[in-house]
Structures are given as C-alpha cells and as structure tokens.
Amino acid sequence: MTVPLLGGEIIPSIPSNMLNPKAIFSNNEMSLENIEIYGFDYDYTLAFYSKDLHTLIFNTARDLLIHEHRYPNELKSYEYDPNFAIRGLHYDVHKALLMKIDSFHYIQLGTVYRGFEVVPDSEVIEMYQGSHVPLEQMSDFYGKSSEGNTLKQFMDIFSLPEMTLLSCVNDYFLKNNIDYEPVHLYKDVKDAIRDVHVKGLMYRAVEADIERYICYGEKTQAVLAKLANHGKKMFLITNSPSSFVDKGMNFIVGKDWRDLFDVVIVQADKPNFFNDKRRPFRRFTDRGVYCGI
C-alpha cells in the first residue's frame with residue numbers, strides 16, 4: 001500500500017501493527033553529542049515507583065480526611081483503583097465532575113463522571129450550554145487555578161490518587177444522600193493529598209521500605225555513567241527533600257551517586273522555581289546540615 005504526495009511521488013505507508021504504541025516519536029532530530037549540560041528531575045525520571053506508591057498516597061490521604069477533617073469513617077471501605085483515572089483529566093470544582101477535555105477545550109461526551117457514575121450527555125450539554133468550555137474557566141498547564149478558574153487539570157502522575165479519592169468521597173456522599181459543598185470537598189481532599197507530601201508521610205514510608213516502592217534502575221545507572229564518562233555536565237532538580245533523594249539514589253545508582261552530578265537542587269518548589277527570583281539558594285552538606293546561602 002502506498003500514500004500519494006502533493007508532488008505526485010509516493011511513499012510506502014507503515015502498517016499500524018508495526019508501530020510500537022509505547023515509543024516516543026519526534027518531528028525533529030537532534031544530535032545529543034552536541035549537548036553539554038543535562039538536567040534531570042528525580043520523581044518518575046530517575047526514580048521509577050511501583051504501583052504500591054499510589055495506593056500508599058491514597059490510603060494516607062483518605063485516613064487524613066477521616067481523622068483530621070472528620071469525614072465519615074465508612075470511607076475506609078474505599079480502596080485505590082489504579083485503572084480509574086489517567087493524567088490530564090479536568091475536575092469541575094463547583095460541579096464535582098471529573099472529565100476529559102480535548103486540546104480544543106471540548107468536553108469529551110461519555111467521559112464525564114459524578115463519583116463513579118457516568119453523567120448522561122444531555123445533562124452535560126445542559127449544564128455547560130454545549131460541550132465547549134471557555135479558556136478562562138480552565139486552569140493553566142501546571143494545574144494552578146486562580147479566581148474564576150473552575151476546571152482544575154491534573155497533569156502530575158502523583159495526582160492519580162487525588163482524582164480517585166475525589167471520586168470516592170463524591171460517590172459516598174451521593175449514595176448516602178448527604179448534602180455537601182463541592183468546593184469544600186475539593187479543598188479538603190487537596191489539603192489531605194498535600195499533607196501526605198508536606199508532612200513527610202510519604203517520604204518516611206518510602207524511605208522505610210525502599211525496595212517495595214522504588215524500582216531498581218540498572219539502566220538509569222548506565223545512562224548517567226555514560227554521560228559522565230563523556231565529560232557531560234549534569235544537574236538534578238527536584239521538589240523532594242534531600243534525605244529522600246539521597247536514599248533513593250543510593251538504592252538506584254549507588255553511594256557515590258553525587259559524584260555524577262555537578263549541581264543538586266532539592267525542595268525546589270517547581271514550577272515556581274523557574275520564575276520566582278525572590279527565593280535564595282541555601283547550601284547544605286551531604287548530611288543535610290545547613291551551611292549558608
């Protein structure tokens with residue numbers, strides 16, 4: 001089979017069964033030998049996590065809702081479903097709806113969920129006066145919402161447990177005919193997920209059982225060593241804390257992992273790190289001891 005081109009020439013088409021659906025395709029070519037400096041994130045770049053991590057985040061946040069936000073104890077009957085949500089979904093904070101919106105801001109009918117129930121297309125069209133969502137109602141690329149942005153997009157891999165937990169709580173309230181304010185529910189779940197990270201609950205659990213939560217990175221070690229042997233400069237920048245990264249990299253690469261990097265930046269607070277000039281750098285020793293700005 002061939003495909004005609006504008007100039008009359010033809011090229012052979014590629015059968016769809018010959019394409020690797022997990023491959024990365026690029027429209028441009030670049031010679032990596034010309035790149036002198038390489039930057040890496042830590043989570044899901046150098047460190048790859050097992051499926052147990054999202055279960056850990058979900059369970060910990062769910063328990064925080066129960067014990068600190070006084071949500072019903074019956075929520076413990078809900079378990080994390082790794083097949084429910086995917087990255088990139090939007091959540092309507094005011095209507096408590098989880099949905100898929102395409103790049104042209106059109107709601108994909110049939111993908112709108114209230115709790116775990118699919119919302120009929122006719123109801124969706126009535127609520128939104130069609131299926132198109134104005135840009136001003138949507139959050140930005142990083143999922144940051146400002147006043148007036150009612151649709152929060154979940155872009156981070158760590159957000160999968162958050163979407164599932166939101167749907168679980170919505171499902172419980174709906175099935176038990178409990179009146180609730182969707183905005184407050186969203187805020188409580190968001191705060192619970194945040195506390196899993198900010199209070200170090202996830203970090204301590206992972207550090208205590210590295211082999212359960214982090215996949216050994218034999219290829220990661222080989223790639224970093226190859227770059228270093230070719231004289232490339234490398235830096236690591238992550239939002240994770242120093243001790244967490246150190247224990248993970250010791251497991252993945254080895255105790256001398258710091259020798260591979262010219263600069264290591266932790267607790268960076270990305271994406272604010274890239275445009276907030278007010279944040280000074282603070283230097284720490286390998287043991288995490290503060291040694292000046």
Side-chain angles (χ1 to χ4, degrees), residues 21 51 54-55 57-59 61-66 69-194 196:
K51 60 183 180 180
H54 285 171
T55 300
I57 296 172
F58 175 90
N59 290 343
R62 179 201 60 200
D63 293 347
L64 286 173
L65 280 179
I66 295 171
H69 296 268
R70 299 184 179 277
Y71 274 61
N73 195 61
E74 288 76 13
L75 286 175
K76 282 197 173 184
S77 64
Y78 286 89
E79 298 180 351
Y80 179 65
D81 180 2
N83 299 314
F84 174 67
I86 60 173
R87 290 172 63 189
L89 298 181
H90 283 78
Y91 183 79
D92 191 318
V93 175
H94 292 280
K95 296 182 175 67
L97 299 175
L98 187 66
M99 68 190 76
K100 183 177 181 180
I101 298 178
D102 67 20
S103 57
F104 298 100
H105 309 150
Y106 281 93
I107 298 170
Q108 300 298 288
L109 299 177
T111 71
V112 182
Y113 279 75
R114 181 184 288 117
F116 292 112
E117 299 295 328
V118 178
V119 181
D121 295 348
S122 58
E123 185 178 346
V124 173
I125 292 173
E126 182 179 354
M127 282 190 293
Y128 292 96
Q129 298 181 342
S131 61
H132 185 265
V133 180
L135 180 61
E136 59 268 18
Q137 293 184 17
M138 304 175 69
S139 61
D140 65 16
F141 178 81
Y142 293 103
K144 302 293 184 180
S145 297
S146 58
E147 186 176 355
N149 297 130
T150 60
L151 284 158
K152 149 83 177 182
Q153 186 172 25
F154 292 98
M155 297 296 295
D156 197 287
I157 299 179
F158 282 124
S159 65
L160 297 178
E162 183 175 358
M163 286 186 275
T164 306
L165 185 57
L166 278 167
S167 296
C168 288
V169 180
N170 277 305
D171 181 74
Y172 176 81
F173 285 163
L174 291 168
K175 286 184 176 178
N176 290 276
N177 297 315
I178 299 175
D179 291 332
Y180 65 101
E181 172 52 55
V183 175
H184 292 162
L185 184 152
Y186 168 75
K187 182 180 183 302
D188 289 343
V189 171
K190 179 182 177 182
D191 289 347
I193 291 288
R194 179 204 62 198
V196 172

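FYI, side chains are in, hydrogens and waters are out, and symmetry mates aren't considered; it's all heavy atoms of this structure.
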Inset, instruction - Taking all non-hydrogen atoms of both residues into account, name the closest pair between Ala61 and Ile193 and its distance. - result: CB-CD1, 3.6 Å
Inset, instruction - Side-chain contact test, heavy atoms from C-beta onward, threshold under 4.5 Å: evaluate it for Lys187 versus Asp191 and give yes or no. - result: yes
Legend entry - Value rounded to 0.5 Å, distance of CD1 in Ile57 from CD in Glu162: 10.0 Å
Legend entry - N/O donor-acceptor pair under 3.5 Å between Asp102 side chain and Ile107 backbone: no
Legend entry - Exceeds 12 heavy-atom contacts within 6.0 angstrom, atom CD of Glu79: no
Legend entry - Side chain Gln108, main chain Lys100, donor-acceptor under 3.5 Å: no
Inset, instruction - Decide yes or no on side-chain contact (heavy atoms from CB on, under 4.5 Å) for Tyr186 and Lys152, but give the supporting numbers first. - result: CA-CA 10 Å; Tyr186 168 75; Lys152 149 83 177 182; 3.5 Å; yes
Legend entry - Test item: side-chain donor near acceptor, Asp188 and Tyr71, under 3.5 Å: yes
Inset, instruction - Inspect the surroundings of CZ in Phe84 and state if more than 12 heavy atoms from other residues, nucleotides or ligands are less than 6.0 Å away. - result: yes
Inset, instruction - Compare all side-chain heavy atoms of Val112 with those of Leu98 and state whether any distance is below 4.5 angstrom. - result: no
Legend entry - His54 side chain reached by Thr164 side chain, heavy atoms, under 4.5 Å: no
Inset, instruction - With sequence neighbours left out, write down each residue that passes side chain to side chain contact (heavy atoms under 4.5 Å, CB included) with Val118, or none if nothing qualifies. - result: Tyr113
Inset, instruction - For Tyr180, enumerate each residue passing the side-chain hydrogen bond (donor to acceptor under 3.5 Å, both in side chains) test, keeping only those at least two apart in sequence or located in another chain. - result: Asn170
Inset, instruction - Give a yes or no answer on whether the side chain of Asp92 reaches the backbone of Ala96 with a donor-acceptor pair at less than 3.5 Å. - result: no
Legend entry - Nearest-0.5 Å distance that lies between atom CD1 in Ile125 and atom NE2 in His132: 14.0 Å
Legend entry - Reported CG-to-CG distance for the pair Leu97 and Leu89, which is rounded to 0.5 angstrom: 12.5 Å
Inset, instruction - Rounded to the nearest 0.5 Å, what's the gap from CZ on Phe116 to SG on Cys168? Could you check? - result: 3.5 Å
Legend entry - Nearest-0.5 Å distance that lies between atom CG in Leu185 and atom NE2 in His69: 11.0 Å
Legend entry - Main-chain N/O of Asn83 paired to Asp81 side chain as donor or acceptor, under 3.5 Å: yes
Inset, instruction - Identify the two heavy atoms, one from Gln153 and one from Gly88, that lie closest to each other, and give their separation to 0.1 Å. - result: NE2-O, 3.0 Å
Legend entry - Main-chain N/O of Met155 paired with Arg87 side-chain donor or acceptor, under 3.5 Å: yes
Inset, instruction - For atom CD of Glu74, decide whether the heavy atoms of other residues, nucleotides or ligands shown that lie under 6.0 angstrom number more than 12. - result: yes
Inset, instruction - In plain terms, say whether Glu123 and Arg114 are close enough for a salt bridge, that is, a side-chain N and a carboxylate O under 4.0 Å apart. - result: yes
Inset, instruction - Output the distance between atom NZ (Lys51) and atom CG (Leu160), rounded to the nearest 0.5 Å. - result: 15.0 Å
Inset, instruction - Can you establish whether the number of heavy atoms outside Lys95 located under 6.0 Å from its atom NZ is more than 12? - result: yes
Inset, instruction - Would you mind reporting whether Arg62 and Leu165 have side-chain heavy atoms less than 4.5 Å apart? - result: yes
Legend entry - Trace of the side-chain contact (heavy atoms from CB on, under 4.5 Å) decision for Val119 with Met99: CA-CA 10 Å; Val119 181; Met99 68 190 76; over 6 Å; no
Inset, instruction - State, yes or no, whether a side-chain contact exists between Phe154 and Leu166 at a heavy-atom distance under 4.5 Å. - result: yes
Legend entry - Centroid separation Tyr78 to Phe58 less than 6.0 Å: no
Legend entry - Lys175 to Tyr172 six-membered ring, cation-pi geometry met (6.0 Å, 45°): no
